[in-house]
Amino acid sequence: MPLRRARRRLKGPENMRLSRYLLPILKETPSEASIVSHQLMLRAGMIKQEAAGLYAWLPFGYKVLRRIEQIVHEEQQRAGALPMLMPTIQPAELWRESGRYDAYGPEMLRVRDRHERDMLYGPTNEEMITDIFRKTVTSYRDLPKILYHIQWKFRDEIRPRFGVMRAREFLMKDAYSFDLTKEDAIHSYNRMLVSYIRTFERMGLTAVPMRADTGPIGGDHSHEFLVLAETGESEVFLDRAVTELNLGDADIDFDDQAHVAGIVEKWTSPYARTDETHDQSVFEAETPEERRLTARGIEVGHIFYFGTKYSEPLKAMVTGPDGGSTPVEMGSYGIGPSRLVGAIIEACHDEAGIIWPEAVTPFHAGIVNLKQGDSKADAACETIYTALRKAGLDPLYDDREERAGAKFASMDLIGLPWRVTVGPRGLKNGVVELTERRGGASEEMTPEEAVARLSSVYLN
RNA sequence: CCGGGCGUAGCGCAGUCUGGUAGCGCGACGGUUUUGGGUACCGUAGGUCGGGAGUUCGAAUCUCUCCGCCCGGACCA
């Protein structure tokens with residue numbers, strides 16, 4: 001019955017059975033990986049390395065990436081930014097105009113098209129977005145604007161390392177703000193800062209905005225967001241108070257300058273700096289000893305205001321209310337979704353494997369059939385699987401002909417937050433087992449109760 | 001880019017010093033085992049020993065050369 005089989009294969013949910021999924025789990029740690037997130041991503045079959053700093057995202061890893069992207073999209077738009085998409089390949093022309101074509105160095109991958117025109121694989125998009133702006137916006141009445149896209153970038157790092165944490169090709173959300181005055185530009189900056197707080201909080205991370213070096217521009221309008229993780233690349237010094245702040249579901253009016261500035265003030269006034277800008281005497285003066293925290297962090301976002309650095313050379317001018325023409329005030333705001341996948345694992349794992357935060361988990365729950373082929377166990381798994389899908393959840397059903405131990409070990413490795421364990425022994429009493437990956441607490445309940453419990457965890 | 005290391009089966013490795021025609025574990029596949037935390041046993045398949053050149057009767061092993069990857073540093077989101 002080839003036709004029937006083909007049709008059956010096309011049904012979406014069928015793909016979420018492990019026997020039909022592509023999840024190349026590794027028992028041993030590949031020698032190419034040295035840090036835990038890289039090791040776990042390879043072992044859990046999330047990525048495959050194609051060359052130094054270049055990775056293919058396999059279905060399981062890609063799912064996580066998409067969930068992170070989705071949160072970023074939602075929070076960017078909530079803060080008033082407009083989604084768009086710019087190409088990966090850019091003409092060198094624009095970069096000559098800004099002066100960065102020569103300044104950038106060999107980190108920029110340069111290519112030539114068939115007409116011998118100089119092109120490049122974009123490492124960032126300030127020039128292009130400024131070009132788009134200058135050709136489409138001419139009046140102060142059209143301001144403010146914040147535009148963003150999520151696109152692959154390439155920086156030809158001398159020495160890529162740490163898996164997706166420092167790859168040559170990486171996914172980046174970059175937003176660009178355009179305002180008439182510096183004061184307005186700072187409001188745009190604040191919008192993004194607050195948006196970032198919520199973005200990382202939603203992902204289940206403790207990410208702290210830290211004052212960053214603004215370079216030649218000066219001022220204090222540049223912050224790096226660092227996820228706290230024991231294995232972080234840089235040492236950070238902070239007031240414990242900032243880790244205890246919580247934005248939650250607070251209703252934020254992003255157009256209300258004072259309101260947004262107030263939140264920024266609350267999050268950025270406690271001391272928080274990386275080793276690059278750290279000043280021990282300031283730290284000690286500003287922070288009581290019991291609140292001083294020294295930790296490690298991974299940079300996952302960077303925002304800065306840079307005024308007219310690009311609008312002047314590229315002549316992105318707007319006509320003001322007085323009829324005069326002034327270069328637009330700009331800022332740019334980056335988040336690295338592909339890097340975040342690694343950062344989240346660095347922050348959320350144990351000896352057995354990954355522990356996904358519920359907000360970004362690739363599957364909401366795993367169903368483990370302890371005795372594949374047992375008609376009662378098979379039927380119960382099918383029922384739970386279907387019920388979870390009907391409830392709007394995305395389960396992964398381990399229907400492989402494997403021994404229980406192997407299934408448990410796989411589930412722990414890939415880190416789904418919840419596991420429904422189904423076996424003949426429990427079914428005799430009408431129960432299955434619901435286990436939380438974090439902490440490992442287990443509870444017996446009927447299949448219906450398990451479905452209801454998972455629904456309430458995710459859908460509230 | 002500097003310094004160090006590695007490249008042998010899908011993965012982890014031994015064999016290289018002292019040249020004799022490739023092995024172990026895991027995985028895969030076929031059986032048996034029906035087993036609630038990577039079970040045990042039997043069997044099978046799978047390798048241009050990173051590429052090229054050279055020395056030699058003979059090269060995974062020695063020489064030259066190219067390539068790739070990893071680690072530390074510098075650099076960087």
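These values consider heavy atoms only, across backbone and side chains, with no hydrogens, waters or symmetry-generated copies. Convention: sequence-line order gives letters A, B, ...; per-chain numbering from 1. Source: prediction; values computed, not measured.
A donor-acceptor pair under 3.5 Å is formed between the side chain of A/Gln49 and the backbone N or O of A/Ala51.
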Listing time: all N or O pairs from protein to nucleotides 33-39 of chain B that are below 3.5 Å?
residue, atom, partner, partner atom, Å
B/U35, O2', A/Arg403, NH1, 2.3
B/U35, O2', A/Arg403, NH2, 2.6
B/G36, OP1, A/Arg425, NH2, 3.2
B/G36, O6, A/Arg425, N, 2.8
B/G36, O6, A/Gly426, N, 2.8
B/G37, O6, A/Arg419, NH1, 3.3
B/G37, O6, A/Arg419, NH2, 3.2
B/G37, N1, A/Asp412, OD2, 3.3
B/G37, N2, A/Asp412, OD2, 2.2
B/G38, O2', A/Lys27, NZ, 3.1
B/U39, O4', A/Arg403, NE, 3.4

Table of protein N/O atoms under 3.5 Å from nucleotides 40-43 of chain B N/O atoms:
none

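Residues A/Phe225 and A/His302 keep their aromatic ring centres 6.0 Å or farther apart. You'll find the ring centres of A/His73 and A/Tyr148 inside the 6.0 Å limit. The ring of A/Tyr305 has its center no closer than 6.0 angstrom to the ring center of A/Tyr189.
Residues forming a salt bridge (Lys or Arg N to Asp or Glu O under 4.0 Å) with A/Arg400 (at least two apart in sequence, or on another chain): A/Asp398. Every residue meeting the salt bridge (Lys or Arg N to Asp or Glu O under 4.0 Å) condition with A/Glu126, not counting sequence neighbours, appears here in chain and number order: A/Arg100.
In this structure, the CD atom of A/Glu28 is 8 Å from the P atom of B/G12, given to the nearest Å.
Counting any heavy atom pair closer than 4.0 Å across all strands shown, A/Thr29 reaches sugar-phosphate atoms only and no base atom.
When both pairing distances are held under 3.5 Å, B/G10 makes a Watson-Crick or G-U pair with B/C26. Within the shown strands, B/U32 is the pairing partner of B/A40 under the Watson-Crick or G-U definition, both distances less than 3.5 Å. B/C1 and B/G73 make up a base pair, with Watson-Crick or G-U wobble contacts both under 3.5 Å. Under the Watson-Crick or G-U wobble criterion, with both distances below 3.5 Å, B/C57 is paired with B/G20.
Residue A/Val422 comes nearest to A/Cys381 through the heavy atom pair CB-SG, 3.6 Å, listed as atom of the first residue, atom of the second, then distance.
Looking at A/Arg166 and A/Pro160, their side chains never come closer than 4.5 Å, going by heavy atoms from C-beta outward.
Between the side chains of A/Arg17 and A/Tyr21, no donor N or O sits under 3.5 Å from an acceptor N or O.
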| said: Applying salt bridge (Lys or Arg N to Asp or Glu O under 4.0 Å) to A/Glu50 and A/Lys48, what does each step give before you reach the verdict? | reply: CA-CA 6 Å; A/Glu50 296 301 334; A/Lys48 180 187 172 301; 3.3 Å; yes
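Ring orientation note: the planes of A/Trp152 and A/Trp57 are tilted relative to one another, at an angle of 30° to 60°.
Note on A/Arg453 versus A/Glu443: salt bridge recorded, some NZ/NE/NH1/NH2 to OD/OE distance being below 4.0 Å.
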| message | I'd like to compare against my own output: the B/S/- annotation of nucleotides 45-52 of chain B with a strict under-4.0 Å heavy-atom distance to protein. | response | --------
| query | Along nucleotides 66-77 of chain B, 5' to 3', which nucleotides get a B, which get an S, and which get a -, given that the test is a protein heavy-atom distance under 4.0 Å? | reply | ---SSBBBBBBB
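Taking CD from A/Glu233 and CZ from A/Arg296, the interatomic distance works out to 9.0 Å, rounded to the nearest 0.5 Å.
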